[in-house]
Amino acid sequence: MNRIDGRTVTSALHRRVDVVVIGSGPAGAAVAEVASAAGASVLVVESGPWLEPADFALSAFDAMARGYRSMGASLVLGRAPMPYVQGRMVGGSAPINGAICWRLPRDVYDGWAAADPGFGEARPWEELEEVTDAVEARIGVAPTDPAVAGPKNRLMADGAEALGLEHRPIRRNVRGCVGLGRCMQGCPKGAKQSPDRTLLLDAMASGATVLSSSTVDRVLHQGGVATGVVGRTEGGAPLRVDAERVVLAASAVQSPALLLASGIDQGPVGRHFQCHPGVSVAGRFEQPVRMWEGATQGHEVIGLRREGLKFEALGFGPALLAARLPGVGSDLRARVDELPHWLDWGVALRATGQGRVRRLFGRTVVTWSPSTADVASFRRGMGVLGELLLAAGANAVAPGIQGVGLLGDAQAVLDAAPARAAAYVGAITHMFGTCRMGSDPQTSVVRPDFRHHRIDRLYVADSSVFPSNTGVNPQVSILAMATLCGREVTA
């Protein structure tokens with residue numbers, strides 16, 4: 001296999017290829033697969049290591065130290081500072097996500113096309129659907145098997161049914177899942193069909209090379225044409241890649257940061273940062289529910305998606321669950337003693353607030369604050385979560401609100417939820433819009449064919465090109481859009 005571990009590269013590395021791809025997550029893997037299958041020589045550069053299933057730790061904290069960027073504690077700064085979660089390994093965030101798969105909703109696509117008719121003409125819905133069909137078949141997307149759902153997912157179905165809210169098993173990209181509940185640490189059985197186990201291997205079978213543990217610092221360009229990239233391996237060696245095409249697939253944070261570091265600041269690069277912040281509510285049940293067992297995220301409530309709210313069962317280890325519970329001293333100890341009776345469900349928001357990615361003093365800084373409408377959505381979502389948990393049989397709930405302990409009814413959750421954004425304990429997992437796609441170079445960074453408006457032979461393939469957030473998990477739509485990018489790169 002064509003793998004180079006940058007930790008072992010201690011002398012200058014210089015390569016010349018047709019296509020260099022920065023990032024090995026869903027976007028980078030899809031571009032590499034298409035380009036290599038078309039006969040192009042491809043080098044994929046990834047800042048993190050290549051981890052095999054046997055390398056994935058049982059401890060959530062060990063997993064974060066090994067495979068997450070900044071141990072999962074990279075911060076978005078603003079009125080409500082919160083972490084944004086990204087993987088830093090071959091496969092990007094996909095090996096440590098919940099394996100949730102959503103096609104791009106038609107209403108989201110229609111909004112993009114209405115705002116920019118040129119986008120709709122260049123990227124027709126039928127083309128996107130055809131590519132999505134192929135992507136889903138390759139990565140094994142199917143509804144969660146009831147045999148591995150576990151109590152936490154079945155209880156969410158019970159709560160939603162009692163409230164009359166539309167719900168369904170989550171569609172996941174797994175094959176042979178046995179319900180270990182370790183998606184967030186990385187599947188030790190290799191059941192998750194993430195890019196490192198599917199499209200990237202396909203690309204390598206066609207001749208692509210993956211250089212891991214190596215960081216790209218700048219895109220090289222001259223006379224309005226991209227010519228390659230430079231950086232450094234983790235072994236301390238300088239890296240230079242000369243390429244006919246440069247493709248950024250490093251995420252909605254790292255791709256704009258790399259453009260800015262390279263002096264490519266035309267258009268709204270780094271602006272229009274959008275995201276899906278999430279908050280959660282924990283519930284205590286009389287019977288053991290053992291949240292850390294069963295499909296990590298196997299059920300969702302989608303009846304309020306048009307309001308920008310999507311509810312998901314969560315799954316993480318006992319240590320993280322214990323950190324989620326309220327109280328100190330003997331009160332917290334008592335709750336930890338009954339940990340098998342607790343579970344946590346979350347709501348992801350299609351937030352309306354917009355932020356920015358900047359380069360300041362050589363560092364990447366992300367700023368974003370929820371809008372007034374977003375804070376209202378936090379309150380609404382937490383109230384519904386409380387209702388779901390109580391309808392499913394919980395006898396007490398603990399909202400993720402600073403200073404609020406156990407509550408006994410859903411109205412109390414709403415009453416306790418303040419209008420102050422910083423009071424909510426949440427996290428951001430999906431990010432968009434910082435190299436947005438569009439027909440107008442004044443309002444967008446790349447064209448509808450993924451080419452940069454000002455720098456020829458430079459493409460961006462990840463969710464930074466999405467004109468807005470989507471309100472749903474973007475893994476499949478990133479794969480589909482990046483597949484189209486790969487076709488454009490090799491056209």
Side-chain angles (χ1 to χ4, degrees), residues 25-26 53 56-58 60 63-64 67-69 72 83-87 89 91-103 136 139-145 148-157 167-198 251 275-280 282 291-302 305 309-317 320-321 324 343-349 385 426-431 463 470-479:
F56 292 129
L58 174 61
M64 288 178 176
Y68 284 57
R69 187 175 296 277
Y84 63 90
V85 182
Q86 291 184 310
M89 68 180 83
S93 298
I96 46 88
N97 68 16
I100 301 175
C101 291
W102 268 77
R103 303 170 79 95
E136 289 197 335
I139 65 173
V141 176
T144 299
D145 184 346
V148 301
K152 65 172 177 281
N153 294 305
R154 292 194 293 268
L155 286 167
M156 175 166 270
H167 63 97
R168 67 181 188 183
I170 288 175
R171 301 173 74 243
R172 304 164 67 229
N173 58 310
V174 297
R175 287 190 173 99
C177 174
V178 295
L180 293 179
R182 289 173 57 178
C183 283
M184 305 304 189
Q185 297 102 303
C187 181
K189 300 291 187 181
K192 191 187 302 182
Q193 302 300 290
S194 49
D196 52 308
R197 302 190 60 78
T198 52
S251 85
C275 61
H276 297 156
V279 293
S280 69
M291 176 183 173
W292 49 88
E293 294 179 355
T296 301
Q297 294 187 270
H299 210 84
E300 60 189 354
V301 178
I302 59 176
R305 185 184 72 81
L309 301 173
K310 189 168 78 71
F311 304 87
E312 302 167 350
L314 302 178
F316 35 75
L320 287 181
L321 178 57
R324 172 66 185 77
L343 55 75
D344 203 29
W345 291 341
V347 56
L349 277 60
L385 280 172
I428 292 168
T429 51
H430 310 138
M431 293 158 282
S463 62
T470 63
V472 299
N473 307 73
Q475 177 175 229
V476 168
S477 49
I478 292 171
L479 285 164

Before giving the answer on side-chain contact (heavy atoms from CB on, under 4.5 Å), spell out for Met291 and Trp345 the whole-Å C-alpha distance, their side-chain angles and the decisive distance to 0.1 Å. CA-CA 10 Å; Met291 176 183 173; Trp345 291 341; over 6 Å; no
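Between the side chain of Thr296 and the backbone N or O of Cys183, at least one donor-acceptor pair lies under 3.5 Å. Side-chain atoms of Lys152 come within 3.5 Å of backbone atoms of Ala295 as a donor-acceptor pair (strictly under, hydrogens ignored). The backbone N or O of Leu314 sits nowhere less than 3.5 Å from a side-chain atom of Gln297 that would complete a donor-acceptor pair. Remark: the backbone N or O of Gly346 is not paired with any side-chain donor or acceptor of Ser280 at under 3.5 angstrom. Of the possible donor and acceptor atoms, none in the side chain of Asn473 sits under 3.5 Å from a partner among the backbone N and O of Cys101.
Scored by the side-chain contact (heavy atoms from CB on, under 4.5 Å) test, Met431 finds Tyr84, Gln86, Ala252, Val253, Phe273, Cys275, Ile428 as partners (sequence neighbours excluded). Residues meeting the side chain to side chain donor-acceptor pair (under 3.5 Å) test with Arg305, sequence neighbours left out: Asp107. In this structure, Thr470 has no side chain to side chain donor-acceptor pair (under 3.5 Å) partners at least two apart in sequence or on a different chain. In this view, His276 and His430, Phe432 satisfy the ring pair (Phe, Tyr, Trp, His ring centres under 6.0 Å) rule, not counting sequence neighbours. Evaluation of the salt bridge (Lys or Arg N to Asp or Glu O under 4.0 Å) rule for Arg197 yields no partner, not counting sequence neighbours.
For the atom pair OG1 (Thr429) and CD1 (Ile100), the distance works out to 8.5 Å, reported to the nearest 0.5 Å. Atom-to-atom distance recorded for Ile139:CD1 and Gln193:CD is 8.5 Å, nearest 0.5 angstrom. Between the NZ atom of Lys189 and the CG atom of Leu180 there is a distance of 6.5 Å, given to the nearest 0.5 Å. Considering CD1 of Ile96 and OH of Tyr68, their distance stands at 4.0 Å, rounded to 0.5 Å.
Taking every heavy atom of both residues into account, Ala60 and Gln185 meet most closely at CA-CG, 3.9 Å. In terms of heavy-atom proximity, Pro83 sits nearest to Gly72 at CB-O, 3.7 Å. Shown here for Pro95 and Asp196, the closest heavy-atom pair between the two residues is CG-OD1, 3.5 Å. Nearest heavy-atom pair across Val148 and Val178 is CG1-C, 3.8 Å. Nearest approach of Ala282 to Arg324, heavy atoms of both residues: N-NH2, 3.3 Å. Ser93 and Gly87 make their closest contact through OG-N, 2.7 Å (heavy atoms, listed as atom of the first residue, atom of the second, distance).
With contacts defined as side-chain heavy-atom distances shorter than 4.5 Å, the pair Trp102/Val476 does not qualify. Between Met184 and Leu320 the shortest side-chain heavy-atom distance does not fall below 4.5 Å. Taking the side chain as every heavy atom from C-beta outward, Lys192 and Phe56 never approach each other to under 4.5 Å.
Legend: salt bridge (Lys or Arg N to Asp or Glu O under 4.0 Å) pairs involving residues 167-187, not counting sequence neighbours, sorted by first then second residue: Glu136-Arg171, Arg168-Glu300.
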